[in-house]
Peer 1: 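The structure's right below; bear with me while I get my questions together.
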Amino acid sequence: QLQASGGGLVQAGGSLRLSCAASGRTFRSYTMGWFRQAPGKEREFVAVIRPIGSITYYKDTVKGRFTISRDNAKNTVYLQMNSLKPEDAAVYYCAASGRSSRSDNYFKTTAAYDYWGQGTQVTVSS
């Protein structure tokens, strides 16, 4: 089970930190991702952190502004979002995957994930 939190209303240029708390003893072995979905649009990849070496990947438009991290002791994954833009506004979802793949791009797709959080709304005012 995944529980996302930390969304809210922020002005453009501001920051938010999203958290996703996971239940279960195998959190450290899961690939964790953040996705977002704006009204009328498909859910899209934002960031992912792999279990081994905490390797990270980002959507091009958030590189340098967003940082994904994990705390395995707390079973929590974070998304620090800085320099927010109006186009970042969406419902943000965390997701967990216990699958293995040689392709890191696989984990940029929604199909790779078995578990999803309930979503947290991020609104950015211009």
Side-chain angles (χ1 to χ4, degrees):
Q1 184 176 1
L2 302 175
Q3 184 73 32
S5 62
L9 171 64
V10 64
Q11 288 188 333
S15 299
L16 283 174
R17 187 194 195 200
L18 306 184
S19 299
C20 176
S23 59
R25 299 179 180 178
T26 58
F27 172 81
R28 63 178 63 247
S29 67
Y30 277 69
T31 293
M32 300 298 296
W34 284 98
F35 289 75
R36 66 188 182 188
Q37 188 167 18
K41 295 187 176 181
E42 292 186 353
R43 193 169 297 188
E44 65 175 7
F45 164 76
V46 176
V48 62
I49 185 165
R50 301 299 304 275
I52 305 300
S54 293
I55 295 171
T56 58
Y57 297 95
Y58 297 91
K59 177 180 175 63
D60 286 346
T61 58
V62 308
K63 284 180 182 177
R65 299 188 297 122
F66 290 12
T67 302
I68 187 171
S69 61
R70 65 193 299 160
D71 185 337
N72 289 334
K74 295 182 178 180
N75 279 14
T76 301
V77 62
Y78 304 97
L79 186 67
Q80 177 67 43
M81 305 186 295
N82 299 327
S83 302
L84 281 161
K85 303 176 180 181
E87 52 263 41
D88 294 318
V91 177
Y92 281 70
Y93 298 90
C94 60
S97 174
R99 307 182 186 199
S100 61
S101 174
R102 294 181 178 179
S103 170
D104 290 318
N105 285 331
Y106 174 66
F107 294 102
K108 299 178 182 178
T109 69
T110 57
Y113 295 85
D114 305 297
Y115 306 100
W116 292 85
Q118 84 286 5
T120 184
Q121 178 72 52
V122 172
T123 304
V124 183
S125 63
S126 57

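For the numbers below, each heavy atom of this structure counts, side chains included, while hydrogens, waters and symmetry mates do not.
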Peer 1: Gln37 side chain to Ala90 main-chain N or O, any donor-acceptor pair under 3.5 Å?
Peer 2: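 Not a single qualifying donor-acceptor pair exists.
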Peer 1: Could you grab the distance from atom OG of Ser126 to atom NZ of Lys85, nearest 0.5 Å is fine?
Peer 2: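 Result: 14.0 Å between the selected atoms.
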Peer 1: Counting C-beta onward and ignoring hydrogens, is there a side-chain heavy-atom pair between Leu18 and Met81 closer than 4.5 Å?
Peer 2: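 When only atoms from C-beta onward are counted, Met81 and Leu18 do touch, with a gap below 4.5 Å.
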Peer 1: Roughly how far apart are Asn75 CG and Arg28 CZ, rounded to 0.5 Å?
Peer 2: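 So the CG of Asn75 and the CZ of Arg28 are separated by 8.0 Å.
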Peer 1: List the steps and the verdict of side-chain contact (heavy atoms from CB on, under 4.5 Å) for Gln118 and Gln3.
Peer 2: CA-CA 7 Å; Gln118 84 286 5; Gln3 184 73 32; 3.2 Å; yes
Peer 1: Flag this pair as yes if the NZ/CZ of Arg99 is under 6.0 angstrom from the six-membered ring centre of Tyr113 and inside a 45 degree cone about the axis; otherwise no.
Peer 2: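 The answer is no, since Arg99 fails at least one limit relative to Tyr113.
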Peer 1: Is it true that a side-chain atom of Ser23 and a backbone atom of Gln1 form a donor plus acceptor pair closer than 3.5 Å?
Peer 2: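 The answer is yes, because a donor-acceptor pair under 3.5 Å joins these two groups.
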Peer 1: Which is it for Arg70 and Ser54 under the side-chain contact (heavy atoms from CB on, under 4.5 Å) test, yes or no, and what are the steps along the way?
Peer 2: CA-CA 8 Å; Arg70 65 193 299 160; Ser54 293; 4.0 Å; yes
Peer 1: Give the cluster check for Val46 versus Ile49: same hydrophobic cluster or not, with ILVMFWY residues linked at side-chain heavy-atom distances below 4.5 Å.
Peer 2: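 Same hydrophobic cluster.
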Peer 1: What's the separation between atom CG in Leu84 and atom OG1 in Thr123, rounded to the nearest 0.5 Å?
Peer 2: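 It comes to 10.5 Å.
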Peer 1: Identify the heavy atoms of Val124 and Ala89 that sit nearest to each other, and give their distance.
Peer 2: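 Distance-wise, the nearest heavy atoms are N-CB, 3.9 Å.
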Peer 1: To the nearest 0.5 angstrom, please state how far the OG atom of Ser103 sits from the NZ atom of Lys108.
Peer 2: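 If we round to the nearest 0.5 Å, Ser103:OG and Lys108:NZ are 8.5 Å apart.
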Peer 1: Below 4.5 Å, heavy atoms only, C-beta onward: do Ser97 and Tyr115 meet side chain to side chain?
Peer 2: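 SC-SC contact between Ser97 and Tyr115 ruled out.
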Peer 1: Is any side-chain heavy atom of Asp104 less than 4.5 Å from a side-chain heavy atom of Tyr57?
Peer 2: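 They are in side-chain contact.
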Peer 1: Tell me whether Val62 shares a hydrophobic cluster with Val10, the cluster being built from Ile, Leu, Val, Met, Phe, Trp, Tyr side chains joined at under 4.5 Å.
Peer 2: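 Yes, Val62 and Val10 fall within the same hydrophobic cluster.
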Peer 1: In Å and rounded to the nearest 0.5 Å, what is the OH to CG distance from Tyr30 to Leu2?
Peer 2: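 Output value for this atom pair is 9.5 Å.
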Peer 1: Taking the inter-plane angle between the rings of Phe66 and Tyr92 on a 0 to 90° scale, is it parallel (under 30°), tilted (30 to 60°) or perpendicular (over 60°)?
Peer 2: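 Answer is tilted, since the angle falls between 30° and 60°.
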Peer 1: Can you list the residues that meet the side chain to side chain donor-acceptor pair (under 3.5 Å) rule with Ser15, with sequence neighbours excluded?
Peer 2: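 With sequence neighbours excluded, Ser15 shows a side chain to side chain donor-acceptor pair (under 3.5 Å) to Asn82, given in chain and number order.
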Peer 1: Give the C-alpha distance, both sets of side-chain angles, the deciding distance and a yes or no for side-chain contact (heavy atoms from CB on, under 4.5 Å) between Ser5 and Thr120.
Peer 2: CA-CA 6 Å; Ser5 62; Thr120 184; 5.5 Å; no
Peer 1: So how far is it from Arg65 CZ to Ser83 OG, rounded to the nearest 0.5 Å?
Peer 2: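 The CZ atom of Arg65 sits 7.0 Å away from the OG atom of Ser83.
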Peer 1: If two hydrophobic side chains count as joined below 4.5 Å and joins carry through other members, does Tyr78 share a cluster with Met32?
Peer 2: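 No; Met32 is not reachable from Tyr78 via cluster members.
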Peer 1: Got a sec, which residues hit side chain to side chain donor-acceptor pair (under 3.5 Å) with Asp71, two or more places apart in sequence or on another chain?
Peer 2: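 Asp71: no side chain to side chain donor-acceptor pair (under 3.5 Å) contacts found.
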Peer 1: I'd like to know if Ile68 and Phe35 are part of one continuous hydrophobic network [Ile/Leu/Val/Met/Phe/Trp/Tyr, side-chain heavy atoms within less than 4.5 Å].
Peer 2: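 The answer is no; the residues belong to distinct hydrophobic clusters.
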Peer 1: Given the ring of Tyr93, does Arg43 sit roughly above its face, with NZ or CZ under 6.0 Å from the centre of the six-membered ring and within 45° of the axis?
Peer 2: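 Yes, a cation-pi geometry holds between Arg43 and Tyr93.
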Peer 1: Cluster question for you: counting only ILVMFWY and a side-chain heavy-atom cut-off of under 4.5 Å, with indirect links fine, are Phe27 and Trp116 together?
Peer 2: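 No.
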Peer 1: Just grab all the salt bridge (charged side-chain N to carboxylate O under 4.0 Å, His left out) pairs involving residues 53-62, residues at least two apart or on different chains.
Peer 2: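 Matches after skipping sequence neighbours: Glu44-Lys59, Asp60-Lys63.
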Peer 1: Check whether any side-chain heavy atom of Tyr58 sits under 4.5 Å from a side-chain heavy atom of Thr67, and report yes or no.
Peer 2: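 Touching, per the 4.5 Å side-chain cut-off.
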Peer 1: Would you check if the side chain of Ser101 reaches a backbone N or O of Tyr106 as a donor-acceptor pair within less than 3.5 Å?
Peer 2: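 Between the backbone of Tyr106 and the side chain of Ser101 there is no qualifying donor-acceptor contact (under 3.5 Å).
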Peer 1: Go through the steps to decide whether Val122 and Leu16 satisfy the test side-chain contact (heavy atoms from CB on, under 4.5 Å), and finish with yes or no.
Peer 2: CA-CA 8 Å; Val122 172; Leu16 283 174; 3.9 Å; yes
